[in-house]
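When a ligand or atom number is given, it counts from 1 through the structure's own listing order.
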Amino acid sequence: MSTTVEFARMNGLGNKILVVDMRGRKDRVTPQAAIALNADPETQFDQIMAIHDPKAQGTDAFIDILNSDGSKAQACGNGTRCVVQALASETGRRVFTFQTVAGILNAEEHADGTISVDMGTPVFEWNRIPLSEEFYDTSRIELQIGPIDDPILHSPSVMSMGNPHAIFWVDRDVMSFDLERFGPLLENHPMFPERANITLAQVTSPSSLTTRTWERGAGLTLACGSAACAAAVSAARTGRTGRNVAITVASATPPGILSIEWRERDDHVIMTGPAEWEWSGTVDPTTGLWSREEVAATESRAL
Ligand SMILES: N[C@H](CCC[C@H](N)C(=O)O)C(=O)O
């Protein structure tokens with residue numbers, strides 16, 4: 001087995017993604033390789049999406065997701081769009097079915113280049129998010145940060161989109177909060193035995209929200225697709241918006257938009273947005289040693 005594989009550096013609204021081609025191999029991208037890649041400014045990333053041979057009939061690939069601290073993630077919306085774009089440019093196909101540890105995902109590239117991912121159904125039961133304390137109603141739980149009588153953030157809506165999310169509703173600019181300080185405290189709060197992705201969300205109209213996320217295992221990132229889905233679902237669930245929501249991801253540069261539909265007929269959450277290829281190279285999935293391919297940006301958009 002060759003020691004190196006192809007990879008592409010991509011992004012989804014600035015969420016930094018490495019798409020690694022592990023097809024035809026039995027090994028995995030190691031946490032050590034992830035940590036080494038993240039330590040290098042040129043390959044620093046938020047998630048690795050490792051494409052493996054399919055395990056289940058009817059699927060095109062099995063996707064293994066790693067955070068930049070080497071931990072595993074069950075879902076990554078922005079990364080899934082990047083995988084679709086890489087495979088669409090390789091195969092000319094537009095429709096894909098993937099398997100992850102969280103289940104089966106369907107995705108499609110549209111003629112305008114945007115990509116929709118069916119992120120599956122939301123989970124609201126406290127022990128499946130999971131929380132460490134029983135809450136009958138997870139649309140608003142008791143949890144706060146800051147002074148007891150004047151909390152800075154409080155009463156989040158919590159849910160799982162395959163991965164755990166807490167959405168804190170705020171009534172001023174999400175960029176005005178010191179998320180770098182509160183993020184790690186909330187991500188690792190005893191309420192969340194498997195940690196959680198922490199999102200600030202401001203409702204801007206009955207069909208729009210602005211969000212900013214501190215990601216579990218990756219920290220302050222420019223965008224987080226599953227958090228945008230969780231914010232949209234939580235907003236609709238609490239009556240703040242309808243089921244079709246445009247999310248402005250405030251931390252993306254420039255701020256980007258994800259369209260989220262929480263479909264009435266089957267409870268599925270459909271996320272639509274862009275993906276962008278930056279450059280390709282080869283990497284050793286065991287050590288993380290990598291090199292960049294010297295090709296013009298227009299010549300290669302595939303793995
Ligand atoms: N950036 C990803 C989410 C990664 C989730 C990860 N931080 C975790 O749940 O551990 C997204 O676009 O959905």
Tabulating one pair per line, provide the atom names and distances (0.1 Å) for every N/O atom of ligand 1 that is less than 3.5 Å from a protein N/O atom.
| unit_1 | atom_1 | unit_2 | atom_2 | d |
| --- | --- | --- | --- | --- |
| ligand 1 | 1 (N) | Asn15 | OD1 | 2.7 |
| ligand 1 | 1 (N) | Gln47 | OE1 | 2.9 |
| ligand 1 | 1 (N) | Glu215 | OE1 | 3.4 |
| ligand 1 | 1 (N) | Glu215 | OE2 | 2.9 |
| ligand 1 | 7 (N) | Asn67 | OD1 | 3.2 |
| ligand 1 | 7 (N) | Asn197 | OD1 | 3.1 |
| ligand 1 | 7 (N) | Glu215 | OE1 | 3.1 |
| ligand 1 | 7 (N) | Arg216 | O | 2.7 |
| ligand 1 | 9 (O) | Asn163 | ND2 | 2.9 |
| ligand 1 | 9 (O) | Asn197 | ND2 | 2.8 |
| ligand 1 | 9 (O) | Arg216 | NE | 3.3 |
| ligand 1 | 9 (O) | Arg216 | NH2 | 3.1 |
| ligand 1 | 10 (O) | Asn67 | ND2 | 2.9 |
| ligand 1 | 10 (O) | Arg216 | O | 3.4 |
| ligand 1 | 10 (O) | Arg216 | NE | 2.7 |
| ligand 1 | 10 (O) | Arg216 | NH2 | 3.2 |
| ligand 1 | 12 (O) | Asn15 | OD1 | 3.3 |
| ligand 1 | 12 (O) | Gly77 | N | 3.4 |
| ligand 1 | 12 (O) | Asn78 | N | 3.0 |
| ligand 1 | 12 (O) | Asn78 | ND2 | 3.3 |
| ligand 1 | 12 (O) | Gly225 | N | 2.6 |
| ligand 1 | 13 (O) | Gly77 | N | 2.7 |
| ligand 1 | 13 (O) | Gly225 | N | 3.4 |
| ligand 1 | 13 (O) | Ser226 | N | 2.7 |
| ligand 1 | 13 (O) | Ser226 | OG | 2.7 |

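Through direct or relayed side-chain contacts under 4.5 Å between Ile, Leu, Val, Met, Phe, Trp and Tyr, Phe62 connects to Val101.
Ring geometry for Phe192 against His189 counts as perpendicular: the plane angle is over 60°, on a 0 to 90° scale with 30° as the lower cut.
Cation-pi geometry between Arg237 and Phe124 is satisfied (NZ or CZ under 6.0 Å from the ring centre, within 45° of the ring normal).
Taking 4.0 Å as the cut-off between side-chain N and carboxylate O, Glu187 and Arg216 do not count as a salt-bridged pair.
Here Trp169 pairs with nothing under the ring-ring contact (aromatic ring centres under 6.0 Å, His included) rule; sequence neighbours left out. Listed by chain and number, the residues in a side-chain hydrogen bond (donor to acceptor under 3.5 Å, both in side chains) with Thr91 amount to none (sequence neighbours excluded).
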